[in-house]
Each structure stands twice: as structure tokens, then as C-alpha cells.
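Reading through the C-alpha cells given below for one structure.
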Amino acid sequence: MDRFERYLEKFRGPIYTYVFRLVRDDSTAEDICQETFVRLYKELDRIRDETASAWLYRVARNLVTDYVRKKKPVTFTVLRGRARDDDDEQPALQFEHPGRGPVKTTTNNELRELIDETLAAMSPKFRDVIELVDVQRLTHDEAAQVLECSVKTVSARLARAREFFTNRLARFVDQGNEDGEIGASG
Amino acid sequence: MEPAEYQPYPPELHDYVDGRMSAEAERDFERRLERDASLKRQADALRSALQLLHELPVAEPRPGFDERVIGRIRETDLADRARKQIAGAPVPLWKHAVQIGVGAAAAALVFAMIGMPGLFSDSDADPTSGTGGEGVAFVSITEDDLLPALADHVARFESLRRNVAHIKVADENLQRELVSLELRHSDLMRRNVWLAGQVAELPPAQRTGYADFIENLDVALRNMEGEINGSFSERRPVNLASVNGALAAVRVPDGRVGGYRLNAPTATESDVTRIVAETTDDVVLFAELRKADYGHDHAGVIRAADLYLESFGQGRFKDHVNAMAIAAHLRMAEPELAAKRFMQRFGDYDEDLQPGQLALVKGLMSDSEFAQLEQARIELRR
């Protein structure tokens with residue numbers, strides 16, 4: 001099978017899902033996803049198999065960023081809590097508020113909505129990393145390549161994002177900090 | 001629990017659940033878990049939370065995504081090739097006499113190739129459809145890819161042929177100027193060279209009709225260019241019988257090309273108004289109208305015609321300008337406006353017309369357009 005077709009087959013769903021989760025619009029997600037693969041086709045000779053995944057996510061994310069910058073920013077709830085994150089403050093990306101996602105109907109829509117709301121409530125720099133590592137299942141190294149930051153930064157942000165997420169979903173997960181809110185505002 | 005009372009997760013907990021610890025560190029951490037019930041609850045909660053994230057469904061784009069991607073690759077590939085080929089196309093001789101916007105010509109052609117919205121409004125021109133079933137690594141040109149460019153080419157040729165056939169002026173310099181502006185603004189020589197290269201890549205069964213058209217057109221255009229240059233150096237009129245004869249011998253390909261309705265966004269009003277304000281030369285304004293026509297900017301043709309008539313109401317091109325505006329209305333699917341204009345400018349009945357006016361109107365449009373006009377005139381008279 002042709003190399004490009006293999007990539008298309010393997011990453012079509014994940015890249016579309018990733019983009020959709022950021023833009024929350026079918027046609028925009030499709031458009032960005034198509035453009036991502038067109039760029040892959042053009043650069044195919046220069047891309048190694050071991051970096052293809054990170055390359056695709058980085059291109060898709062940059063296209064989403066371009067798209068979002070052209071639209072009016074929306075507010076988001078800042079993740080706060082312990083000052084443990086040691087990376088520099090960067091200009092936050094302003095992603096769309098989530099609407100209904102392309103999720104399958106489940107018996108637990110409330111949980112699905114809470115997951116989406118919780119992720120949307122995070123500052124984009126934290127949401128980025130949890131989306132890439134824990135939803136898209138990229139390695140820390142790959143996420144660092146996508147976000148163009150250090151692996152250490154990825155790990156630091158991921159820890160904070162996960163704790164925020166775990167505590168927001170306390171009633172759905174078996175844990176000791178049932179009352180634990182680490183400071184989502186709004 | 002208030003934020004101040006919150007018990008942070010130890011950093012190594014994340015490494016543990018991710019399996020990023022060494023075997024020895026993992027054994028040590030598991031011994032800690034056995035001893036520390038609070039830490040154990042945190043680990044369980046984190047695992048449960050991650051499980052929720054891992055189980056979020058993977059969405060798929062709507063069916064046909066791969067084909068749409070391949071279609072888009074074809075478009076960009078063809079546009080890239082168009083840019084390269086236009087850049088390498090030979091420069092026509094008359095470029096030395098008149099400045100031409102090469103970049104604009106190239107851009108216009110690329111737009112034609114990729115079917116920019118607004119330029120080609122026929123739904124068959126949808127670049128995302130009908131491109132499936134082929135290998136994705138090799139992009140070869142097809143008849144479908146070329147149809148928009150061919151339709152544009154044929155429309156430009158028909159406009160040139162009809163308008164050159166109606167050049168009837170006594171002054172040899174004006175005659176040469178009018179023939180030259182048709183060749184220049186049609187941009188057919190450059191486009192023909194480019195299309196020849198594209199058509200040569202079509203499968204033989206699809207190639208023949210288009211190749212004949214392009215070869216015959218090349219002969220006619222070179223004859224036209226030779227006549228312009230010859231008339232200038234020999235101080236004589238252009239031999240229009242020769243030019244028109246060669247153009248009449250060009251056979252337009254049948255079939256699918258005719259299915260495209262060409263319509264481009266109009267130029268800004270200020271551009272044409274500025275030209276009118278800055279010129280007292282009716283040929284300059286007439287040339288603006290011809291440029292709009294070659295660009296399929298029908299609203300621009302009408303606007304330029306109105307400006308011409310405002311500035312040069314009894315000018316030497318007034319009948320030609322009115323006839324072109326009538327054709328433009330028809331091309332914008334406005335037969336009633338076409339008929340109204342005809343009747344206001346020329347008269348209600350054929351017997352009201354001056355000699356040659358009806359032949360001019362008929363000569364600047366297709367037979368089907370003229371039939372539409374006739375029908376609209378009948379309805380308007382009722």
C-alpha cells in the first residue's frame with residue numbers, strides 16, 4: 001500500500017477527532033483535516049515514519065490556531081491552584097467554546113458532557129497537553145514536538161491538567177479527594 | 001475542601017501510571033502505595049480519570065474524505081504546474097509594444113484551473129467531486145481537470161472572433177489598435193501555449209478534439225499577430241479578411257466544454273470610474289469594456305458600457321458598446337433587461353433599426369443567446 005494512503009488510513013480519524021475537539025464544527029474540522037493531509041502529501045519525502053504522527057498533529061494544530069486567530073476570541077476558565085508549573089507563561093490560544101461533539105450516543109451523556117466541559121474549562125496550554133497525551137495517546141516526546149516545547153514542560157503541564165480533571169470528575173472516579181476542587185473559576 | 005486544603009499528587013504518581021518509571025523505581029513506588037492509603041486512592045482516581053479520557057470515541061469525517069483529500073491534492077498540484085508553465089511560456093511579440101500584467105494573467109489562469117468560487121458557478125466544476133478511485137501518489141491530468149480552463153479559453157476565443165469580425169473603421173491606426181487590443185486583452189496566445197502542454201498529457205481518446213482546436217487557434221493567432229506587426233511596419237491596414245478567415249477556420253470542440261457558465265466577480269466601481277475621469281479617449285474606455293468581457297465580468301461590461309455612453313453618448317463605438325451590454329445581460333440571465341436595453345437604444349421593431357445594428361447585435365452573441373433576446377423582445381412588446 002502506498003505510504004500516503006497508509007498515513008491517511010491510520011491518522012484520518014485521530015486527526016479529525018483532534019481538530020473537531022478544538023473547533024467544534026464539522027465543516028471547519030473537515031477543511032482543516034483535508035489541508036493537513038494535503039500538506040503531508042507535499043512534504044512526504046521529507047517526513048520520517050517515526051515523526052509523522054507528531055508532524056501531523058503539529059500541522060493540524062497550527063492550522064486550527066490560524067483559524068481561531070481569525071475569529072473573535074472567547075473567554076475560558078483559567079486553571080489555577082498550586083503554583084507548580086515551571087514553564088514560561090505563553091500567550092494563550094483562545095479556542096472555541098465546545099458545543100456538542102461528534103460523540104456516539106452513550107448511556108452516560110452527562111458524563112460525556114462533563115468531560116468536555118472540564119477540558120474546555122482549562123487554559124488552552126493545559127488542555128493542549130491533556131488532549132494530545134491522554135486523549136490522542138501521543139507520547140510525551142511527541143507532544144513536546146507538537147507543542148514545540150520541552151518534554152519537561154509537557155510533563156509539568158500534564159500533571160496539573162490531570163489533577164484538575166480528576167478532581168472535577170471526582171464523583172465519577174474512585175478517589176480520596178471527593179470534595180477536592182483545585183480552583184476552576186466561573 | 002478549599003483549595004488551600006487540597007493535597008497535591010506527587011509528581012512520580014504520573015510517571016507511575018504512565019509506566020515511565022524504571023523497574024526499580026516502580027517497585028519502590030508500589031511499596032509506598034501499600035503503606036499509604038491516601039496515595040493509593042489518588043492513584044486509583046487518576047487511573048479512572050485517564051480511563052475516561054482514553055475511552056473518548058474517535059470520530060470519523062463524513063464518507064468520501066479520502067477522495068476529497070485526493071481531489072484537493074490534484075487541484076494544488078495542477079495549480080503549481082500551471083504557475084510553472086505560465087512562467088516558462090514564450091512572450092508574445094506584442095508584449096514589447098504594450099505593458100501586460102503577467103502576474104495577473106498567471107493568477108487568472110490559476111483561478112480558472114482550480115475553479116475559484118464565483119468564477120465558475122456550474123456545480124459540475126466542484127473540485128471536490130468525482131476524483132476518487134485513483135492512486136493518490138501519482139497525480140495525472142484528466143479531461144475533468146481541464147474543462148474549466150478549456151471553457152474559459154473557448155469563451156475568450158469566441159469573444160475575440162466575434163468582435164474582430166465587427167471592426168469596421170476607416171482609420172488604419174485605429175483599426176490596428178482595435179485588433180491589437182483584442183489580441184492583448186484576450187490573453188489567448190499565452191493561454192494557448194499553456195493549454196497545449198496540458199492537453200498533450202490527456203489520454204489520446206480525450207485529446208484529439210482539444211488538440212485540433214488549440215493547434216488551429218495557434219495558427220490563427222500567429223496570423224493575427226503577424227498581420228498586426230506587418231501592418232505597422234508596412235504602414236497599411238491590418239488585412240482583416242485574412243485575420244477573420246483564419247479565426248473562422250478554428251473549430252471549437254464540441255460537448256462538455258459548453259456546459260460551463262462563466263461568471264466572474266465584477267471589478268470595483270472606482271477602478272472604471274477613475275479611468276473615465278482620467279481619460280478623454282473613448283478607445284481607453286472601450287478597452288476597459290473588452291477587458292471585462294474577456295474576464296467574464298458581465299456586470300463590469302454593463303457598467304463600462306453605461307460609463308462610455310455617459311461620456312461619449314454619440315461616440316463611434318456606441319452601437320458596439322450597446323450590443324455588448326445586451327449580450328452581458330443575457331449572460332447574467334437577465335433577458336428582460338437585455339430586451340429593454342435593446343428597445344431603448346435601437347428601437348422597438350426591427351424596421352426601426354439603423355442598417356447593420358441588428359447584424360452587430362446578433363454577431364456579438366451566440367445563436368441561442370440571440371434567440372433568447374428575440375423571445376424577450378416579443379414578450380416585452382406585448
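Here is the naming used below: chain letters follow the sequence lines, and residue numbers restart at 1 for every chain. Quantities reported herein were computed from a predicted structural model and do not represent experimental measurements. Because only heavy atoms are used, hydrogens play no part in the values below, and waters and symmetry mates are left out as well, while side chains stay in.
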Exercise. Taking side chain as C-beta onward, heavy atoms only, is D18(B) less than 4.5 Å from L158(A)?
Worked result: yes
Exercise. Quick one: what part of R47(B) sits under 4.5 Å from any heavy atom of chain A, side chain, backbone, both or neither?
Worked result: neither
For this session: Measure distances from D15(B) to the heavy atoms of chain A and classify the residue's part below 4.5 Å as side chain, backbone, both or neither.
Result: neither
Exercise. Do Q34(A) and P61(B) have side-chain heavy atoms sitting under 4.5 Å apart?
Worked result: no
Problem set entry | E131(A) portion near chain B, given a 4.5 angstrom heavy-atom threshold | neither
Exercise. Going through the distances and angles, do R112(A) and L56(B) end up as a side chain to side chain contact (heavy atoms under 4.5 Å, CB included)?
Worked result: CA-CA 8 Å; R112(A) 187 62 44 76; L56(B) 286 173; 3.6 Å; yes
For this session: I would like to know whether D31(A) and R72(B) meet salt bridge (Lys or Arg N to Asp or Glu O under 4.0 Å); could you show each step before the answer?
Result: CA-CA 10 Å; D31(A) 192 49; R72(B) 199 151 157 174; 2.8 Å; yes
For this session: Count the heavy atoms belonging to other residues, nucleotides or ligands that lie under 6.0 Å from CD of E24(B), then report whether that count exceeds 12.
Result: no
Exercise. Between H54(B) and D134(A), which heavy-atom pair has the shortest distance, and what is it?
Worked result: CD2-O, 2.9 Å
For this session: With rounding to the nearest 0.5 Å, note down the distance linking CZ in F4(A) to CD1 in I73(B).
Result: 3.5 Å
Exercise. Which of the residues L53(B), L50(B), V69(B) is involved in the greatest number of heavy-atom pairs with chain A at under 4.5 angstrom?
Worked result: L53(B)
For this session: Considering only heavy atoms and a distance below 4.5 Å, find which of I15(A), V135(A), T36(A), I130(A) pairs most often with chain B.
Result: V135(A)
Seminar exercise, completed: Between F65(B) and R12(A), the two heavy atoms sitting closest are CD2-CG, 3.6 Å
For this session: Calculate, to the nearest 0.5 Å, the distance between atoms OG1 and CG belonging to T166(A) and L52(B) respectively.
Result: 9.0 Å
Exercise. What pair of heavy atoms forms the shortest contact from S155(A) to R20(B), and how long is it?
Worked result: OG-NH2, 3.9 Å
